[in-house]
Protein chains: 2
Amino acid sequence: MKMTTTTYVILGLLALRRWSTYELAKQMKRSIRYYWPRAESHLYEEPKKLVSLGLATATREDVGRRPRTVYEITDAGRTALREWLATPGSLPLVEFEGLVKVLFAEQGTKDDLLQTLATIRADAEATREHHAELAADLAVTGGPFPDRLHVNALVLRFMWDQAETVIRWAEWAETVVAEWPDTATQPAAPLDYALGDR
Amino acid sequence: MKMTTTTYVILGLLALRRWSTYELAKQMKRSIRYYWPRAESHLYEEPKKLVSLGLATATREDVGRRPRTVYEITDAGRTALREWLATPGSLPLVEFEGLVKVLFAEQGTKDDLLQTLATIRADAEATREHHAELAADLAVTGGPFPDRLHVNALVLRFMWDQAETVIRWAEWAETVVAEWPDTATQPAAPLDYALGDR
DNA sequence: CCCCTATACTCCCAACGGGAGTAAATTTCC
DNA sequence: GGAAATTTACTCCCGTTGGGAGTATAGGGG
């Protein structure tokens with residue numbers, strides 16, 4: 001029964017409003033998974049943990065014959081969240097399989113590498129588009145939490161900047177690799193094009 | 001007994017040269033952990049898996065009375081790696097606890113938020129510095145694999161660009177937040193400063 | 001009425017993190 | 001030279017997590 005970052009994420013969402021578990025899982029999928037991804041199957045346990053620790057309450061509702069559980073934060077929950085925000089946290093963690101494939105690219109074909117780079121770019125473009133839609137929603141409607149626009153904007157700008165950086169890097173790498181005869185042949189001055197300006 | 005991305009990472013390293021398990025773990029820690037982090041305790045199982053699949057061989061050596069195992073890739077291993085490089089891969093995954101704390105910043109103090117941003121910046125500066133050292137090593141000595149500089153350069157440039165982007169974002173966010181009276185008070189036009197140019 | 005999707009969950013097993021540990025070799029320090 | 005610290009070389013443990021599979025009900029559309 002340990003408070004993990006995931007538990008605090010759920011607690012943070014409960015600080016904004018009351019949520020059913022399904023709604024919590026949906027909100028994770030909509031935005032938070034881009035910087036705190038968690039499998040849906042375990043999200044249903046997190047609010048229960050909060051309840052057992054006195055940081056949230058659970059209310060059983062019935063939708064026809066279907067049960068639903070709605071959770072709300074407690075004052076102790078707000079205090080716990082506030083204290084967590086003041087603690088040092090864990091380092092960022094990135095799992096980027098595409099970049100691993102770039103790293104070992106000379107063990108494969110040039111076409112494979114170009115495909116990998118194109119996929120990386122397309123994924124980043126999709127992420128950028130998704131966050132543009134989130135931003136447009138905030139700009140037009142204020143979103144579900146209009147009094148939090150200022151902090152949401154910090155996060156959205158981060159996501160946008162990151163996606164832009166990946167896209168630009170992929171475009172650059174595609175043009176560089178396009179001029180290689182193959183992945184195993186080292187071009188002249190292999191480091192200059194990457195490190196020339198630093 | 002399933003081939004995971006981690007298994008392929010080890011296979012990719014074995015494609016470069018023969019390694020002891022400890023050396024594999026050390027190389028993961030030196031560079032690959034930034035984009036494919038894995039706990040050391042499980043890395044020792046991966047080459048064993050490769051051996052059982054015929055993709056690598058294991059040689060037991062003795063250093064005095066201490067045992068060491070050295071692994072080498074097989075031809076089948078090279079083929080498997082080549083084929084994996086041609087497969088579509090999984091999406092990037094990011095766990096960024098600092099950004100989660102930014103997302104819920106209005107539940108805490110302005111000082112906590114500024115501390116979070118400063119920590120994010122410092123971590124990114126350390127990452128940038130680490131990769132600058134890796135790059136300098138490559139530039140001066142050619143590194144352990146001088147015939148792979150061209151692909152290493154692609155990866156290094158990516159890591160540098162990412163770190164730079166995080167640093168710039170954190171610096172920007174620090175200046176923005178510095179002007180807030182507190183985290184709960186929404187400034188005028190809260191979205192413009194983040195989204196004004198897109 | 002039927003089909004599909006959404007809502008609302010639970011269960012399972014493999015992959016994994018991180019800590020702890022043992023043992024021998026090597027390096028550093030006094 | 002000897003002791004302590006660090007490195008090399010692993011194994012084990014337990015909790016966290018991914019992702020797939022599943023059940024059941026509500027709601028919408030043709």
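Predicted model only: the values in this text are computed from it and were never measured. By convention in this document, chain letters (A, B, ...) are assigned in the order of the sequence lines, proteins followed by strands, and residues within each chain are numbered from 1.
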OP1 or OP2 of D:dG19 under 4.0 Å from side-chain N/O of B:Lys2: no
Any donor-acceptor N or O pair under 3.5 Å, side chains B:Thr7, B:Thr4: yes
Residues, nucleotides or ligands: over 12 heavy atoms within 6.0 Å of A:Asp62 CG: yes
Length of the CE-P vector between B:Met3 and C:dC16, whole Å: 12 Å
Residue pair A:Val155 / B:Val102: nearest heavy atoms and the distance that separates them: CG2-CG1, 4.0 Å
Just the table, please: protein N/O against nucleotides 22-25 of chain D N/O, every pair under 3.5 Å.
{"unit_1": "D:dT25", "atom_1": "OP1", "unit_2": "A:Arg65", "atom_2": "NH2", "d": "3.2"}
{"unit_1": "D:dT25", "atom_1": "O2", "unit_2": "A:Arg66", "atom_2": "NH1", "d": "2.4"}

Nearest-Å distance for atom pair CG/P, residues B:Asp62 and C:dA25: 10 Å
A:Trp169 and B:Phe158 aromatic ring geometry - parallel, tilted or perpendicular at 30°/60° bounds: perpendicular
Axis deviation across the helix from C:dC1-D:dG30 to C:dC30-D:dG1, five-pair ends, to the nearest 10°: 40°
Taking every non-hydrogen atom, the tightest pair across A:Leu81 and A:Gly12: CD2-CA, 3.7 Å
Protein-nucleotide distance (A:Glu23, atom CD; C:dA8, atom P), rounded to Å: 7 Å
B:Tyr8 OH to C:dA15 P, straight-line distance once rounded to whole Å: 13 Å
Under-4.0 Å salt bridge between A:Arg128 and A:Glu164: yes
Ionic contact status for B:Glu40 with B:Lys29, cut-off 4.0 Å: no
Short side-chain N/O contact to C:dA8 OP1/OP2 from A:Thr21, under 4.0 Å: no
Sorted by number, the residues of residues 32-42 of chain B with heavy-atom contact under 4.0 Å to DNA chain C: B:Pro37, B:Arg38, B:Ala39, B:Ser41, B:His42
N/O (side chain, B:Thr6) to phosphate O (OP1/OP2, C:dA15) under 4.0 Å: no
Trace of the side chain to side chain donor-acceptor pair (under 3.5 Å) decision for A:Ser20 with A:Arg68: CA-CA 7 Å; A:Ser20 73; A:Arg68 173 197 287 159; 4.8 Å; no
A:Tyr44 OH to C:dT10 P, straight-line distance once rounded to whole Å: 8 Å
For B:Glu23, the option from B:Arg30, B:Arg18, B:Arg17 that meets salt bridge (charged side-chain N to carboxylate O under 4.0 Å, His left out): B:Arg17
First encountered from the 5' end of DNA chain D, between B:Tyr71 and B:Glu95: B:Tyr71
Sugar-phosphate only, base, or nothing, as touched by B:Glu46 at under 4.0 Å among non-hydrogen atoms: sugar-phosphate
Integer-rounded Å distance: D:dA9 P and B:Lys29 NZ: 15 Å
Sidechain-backbone polar pair: B:Arg82 side chain, A:Gln107 backbone, donor-acceptor under 3.5 Å: yes
Common cluster, A:Tyr22/A:Met28, ILVMFWY with side-chain heavy-atom separation under 4.5 Å: no
Phosphate contact (D:dT8 OP1 or OP2) by B:Tyr22 side-chain N/O below 4.0 Å: yes
Atom pair distance, as rounded to whole Å: CG in B:Leu93 and C1' in D:dG18: 10 Å
Sidechain N-carboxylate O distance under 4.0 Å for B:Glu46, B:Lys49: yes
Gap between atoms CG and C1', on A:Leu91 and C:dG17 respectively (whole Å): 14 Å
